[in-house]
Structure formats: structure tokens, C-alpha cells
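Beneath this line is the structure, given in C-alpha cells, with notes to follow.
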Protein chains: 2
Amino acid sequence: MQQTKRNGTEACKSAMSSVKDALYVLNGKWKLPLIIALREGPRRFNEIQKELVDITPKVLSKELRELELNEFVVRKVYHTVPVTVIYELTPYSSSVSPIIEALKEWGEQHRERIVKHRKEEPVTA
Amino acid sequence: MQQTKRNGTEACKSAMSSVKDALYVLNGKWKLPLIIALREGPRRFNEIQKELVDITPKVLSKELRELELNEFVVRKVYHTVPVTVIYELTPYSSSVSPIIEALKEWGEQHRERIVKHRKEEPVTA
DNA sequence: CTGCATCCTATAGGATACTG
DNA sequence: CAGTATCCTATAGGATGCAG
């Protein structure tokens with residue numbers, strides 16, 4: 001089976017669809033930051049909201065539900081008065097650590113790169 | 001400096017903001033798949049469109065412009081008739097490879113996990 | 001405290017048709 | 001061939017207020 005035309009190779013197609021799957025599950029602005037926050041330990045709704053700074057309760061609630069569905073997070077309810085709800089990571093959630101590390105490394109380096117570029121340029125206007 | 005309350009640690013905050021930076025640049029459905037496609041070699045607009053299957057010219061055009069801005073891609077124009085335009089990856093683009101690899105690995109494993117779960121469950125309704 | 005209900009805006013992304 | 005123009009929908013995400 002020869003590859004005369006410049007079609008995508010099988011390896012490429014496979015990589016593409018796996019990456020798409022991953023992006024589909026981890027999409028959005030908050031999923032990964034949320035997991036990062038919970039890596040510090042189990043947290044209550046309000047605590048999480050404070051750590052993520054700009055997230056509204058509605059969005060946080062939705063994100064937590066989606067993370068629960070994908071089995072990254074478990075929700076534990078304690079029948080105190082008033083009720084206490086604790087969110088904590090599952091063991092499965094640690095499977096995304098390599099992704100988080102890669103993004104973290106890259107984000108740091110990219111930021112440095114941007115800053116350096118700015119310095120090399122004359123002041124604009 | 002003691003950590004009595006359950007505030008986010010500095011390490012956590014730093015990780016979170018780096019990851020956010022990365023997500024900001026690599027956001028959307030197509031950026032990473034596009035880079036994966038171009039790893040096979042330089043491509044013309046229409047060739048890329050075919051490989052990404054479902055992308056429309058408008059969206060492809062926009063994504064390519066953004067990748068160019070972030071210096072992942074260069075656009076080369078050849079003044080043939082009709083004009084030929086080639087997109088190719090820059091050396092800098094390879095800095096995202098660890099991210100792509102991590103997502104690819106995880107996407108594969110996650111898919112397997114889902115399939116296995118399905119098998120273990122009785123048929124729904 | 002832990003969210004949900006409601007309303008709203010902005011953006012992503014798609015369909016279709018068209019131009020140099 | 002390599003896009004642009006126009007129009008459209010769906011979704012993300014935010015603001016505010018309220019309920020158990």
C-alpha cells in the first residue's frame with residue numbers, strides 16, 4: 001500500500017481522532033483548572049468558587065456535574081445543618097495529569113516567549 | 001508562612017494560570033487537529049480542508065490566521081496561475097508536541113474505558 | 001451554604017453562495 | 001484555487017435573584 005498522494009496517513013488520522021475525543025471531554029475554560037484546584041484536596045462548593053476566582057455558581061455547578069459524569073469527581077453530601085457538600089477527585093482523575101503537566105510547561109514557556117518578544121520590539125506608537 | 005486554611009497553594013495557582021494561558025491559545029475544536037494534519041507536511045488550503053473533513057472554509061481560514069499569529073504556521077504564497085498557497089508548520093509549533101502526545105494517549109485510553117463500561121452494563125431499555 | 005431559575009450577551013461554529 | 005460575505009444556530013458563559 002503506497003502513499004503516492006499526500007493523503008493523511010493512518011497514524012495521523014488516528015492521532016487526530018484521539019485528540020478530538022480528549023478535547024471533547026476536557027473542553028471549556030474551567031474543566032482542567034477545576035481539576036487542578038481539587039488536587040489540593042477535597043473542597044466545598046464555595047471554596048472552589050473562591051479559588052477559581054471568576055466562575056459563577058451556575059457555571060461551576062454545570063462543570064462539576066460534567067466532571068462527575070466523566071468520573072473525575074465524586075460529590076459527597078453530609079446531612080449537617082445546613083447541608084455540607086464535598087467534591088473530591090477520583091483515582092481516575094489522575095489519568096489527566098500528563099495533560100495538565102504538558103499544558104503547564106508549555107503555558108509557562110509560551111508566556112516567557114511572549115514577554116521576550118515584547119522587549120525586543122520598539123514601543124508601539 | 002503557614003498554610004492553616006485550605007487556600008490554594010502558590011504552586012496550584014501558578015499551575016492554574018499557566019494551564020489557562022495554554023488553553024487560551026490552543027482553544028477551540030480545530031487548532032490541535034490542524035497542527036496534527038500539518039505535521040504530515042506542508043499543505044494547501046483545500047488539502048487541509050479535506051483532511052479535517054468537517055471544517056468549512058470560513059472556519060479554516062480563521063483558525064489558520066490565528067495559528068499564524070501565534071507563529072505555529074507560516075503562509076507561503078506562490079504567484080502561479082492560479083495562485084498557490086502553502087501552509088507549513090514553524091519550528092516553534094513542535095513545542096506543542098508533548099501536549100498532543102498527552103492528549104492522544106489519554107483519548108485512546110479513555111475511549112477504551114468507555115467501551116469497556118458499556119459492555120459491563122446490561123442493555124439499556 | 002448549595003445551588004437552581006431566569007435572563008442575557010458574546011462567541012464558536014456551520015450552511016450557502018459568491019469573488020479575484 | 002483560495003478564500004470572503006452573509007446569514008444562521010447552538011453553546012458558553014455571565015448577572016442577578018431566589019429557594020431548600
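Just so it is clear, the values below take in all heavy atoms, side chains as well, and ignore hydrogens, waters and symmetry mates. Remember, predicted model here, so these are calculated numbers, not experimental data. Protein chains get the first letters and strands the later ones, always in sequence-line order, with residue 1 at the start of each.
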Quickly work out the [X] [atom1] to [N] [atom2] distance and round it to whole Å.
| X | N | atom1 | atom2 | result |
| --- | --- | --- | --- | --- |
| B:N46 | D:dA2 | CG | C1' | 7 Å |
| A:L52 | D:dG14 | CG | C1' | 15 Å |
| B:R44 | D:dG3 | CZ | P | 10 Å |
| A:L64 | C:dT2 | CG | C1' | 11 Å |
| B:Q49 | D:dA2 | CD | P | 10 Å |
| A:I48 | C:dT2 | CD1 | C1' | 11 Å |

Next item on the list: At under 4.0 Å between heavy atoms, which parts of nucleotides 6-20 of chain C does protein reach? Answer with one letter per nucleotide, 5' to 3': B base, S sugar-phosphate only, - none.
Entry: BB-----BBB-----
Notebook entry, point to check: Does a side chain donor of either A:Y87 or A:R75 reach within less than 3.5 Å of an acceptor in the other side chain?
Noted result: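 Yes - a donor-acceptor pair under 3.5 Å links their side chains.
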Check: Does a donor on one side chain and an acceptor on the other come within less than 3.5 Å for A:T9 and B:E40?
Finding: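 Distance-only check passes for A:T9 and B:E40.
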Margin query: Let's see if you get this right: which residues in residues 68-79 of chain A place a heavy atom under 4.0 Å from DNA chain D?
Written below: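 The stretch gives none, as no residue of it lies under 4.0 Å from the strand.
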Notebook entry, point to check: A:Y87 side chain N/O closer than 4.0 Å to the phosphate oxygens (OP1, OP2) of C:dC1?
Noted result: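 A:Y87 to C:dC1 OP1/OP2: no side-chain N or O under 4.0 Å.
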Note to self: With a cut-off of less than 4.0 Å, is there a side-chain N or O of A:R43 near OP1 or OP2 of C:dC1?
What the structure shows: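 It does not, given that no N or O in the side chain of A:R43 lies less than 4.0 Å from OP1 or OP2 of C:dC1.
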Check: Is there a side-chain contact between B:R111 and A:S17, using heavy atoms and a 4.5 Å cut-off?
Finding: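 Heavy-atom side-chain distance check passes, below 4.5 Å.
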Note to self: Over 60° means perpendicular and under 30° means parallel, so tell me whether A:F72 and A:Y92 are parallel, tilted or perpendicular.
What the structure shows: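 Parallel: the ring planes of A:F72 and A:Y92 meet at under 30°.
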Note to self: Ignoring hydrogens, what is the shortest heavy-atom contact between B:R44 and B:I86? Give both atom names and the distance.
What the structure shows: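 It is CG-CD1, 3.5 Å.
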Item checked: Pair B:K62-B:E68, salt bridge (Lys or Arg N to Asp or Glu O under 4.0 Å): steps then yes or no -> CA-CA 10 Å; B:K62 184 188 147 233; B:E68 225 190 315; over 6 Å; no
Notebook entry, point to check: Would you say A:N70's side chain and A:L67's backbone share a donor-acceptor pair under 3.5 angstrom?
Noted result: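 Side chain of A:N70 to backbone of A:L67: no pair is present.
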Notebook entry, point to check: Out of curiosity, does A:V25 fall in the hydrophobic cluster containing A:L34 (side-chain heavy atoms, cut-off under 4.5 Å, transitive links)?
Noted result: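 In one cluster with A:L34: A:V25, yes.
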Next item on the list: Hey, could you give me each pair passing salt bridge (Lys or Arg N to Asp or Glu O under 4.0 Å) that has a residue in residues 76-100 of chain A? Not counting sequence neighbours.
Entry: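 Found A:K76-A:E88.
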Check: A:S61 has a side chain; which of C:dC4, D:dT4, C:dG3 sits nearest to it?
Finding: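 Side chain of A:S61 sits closest to C:dC4.
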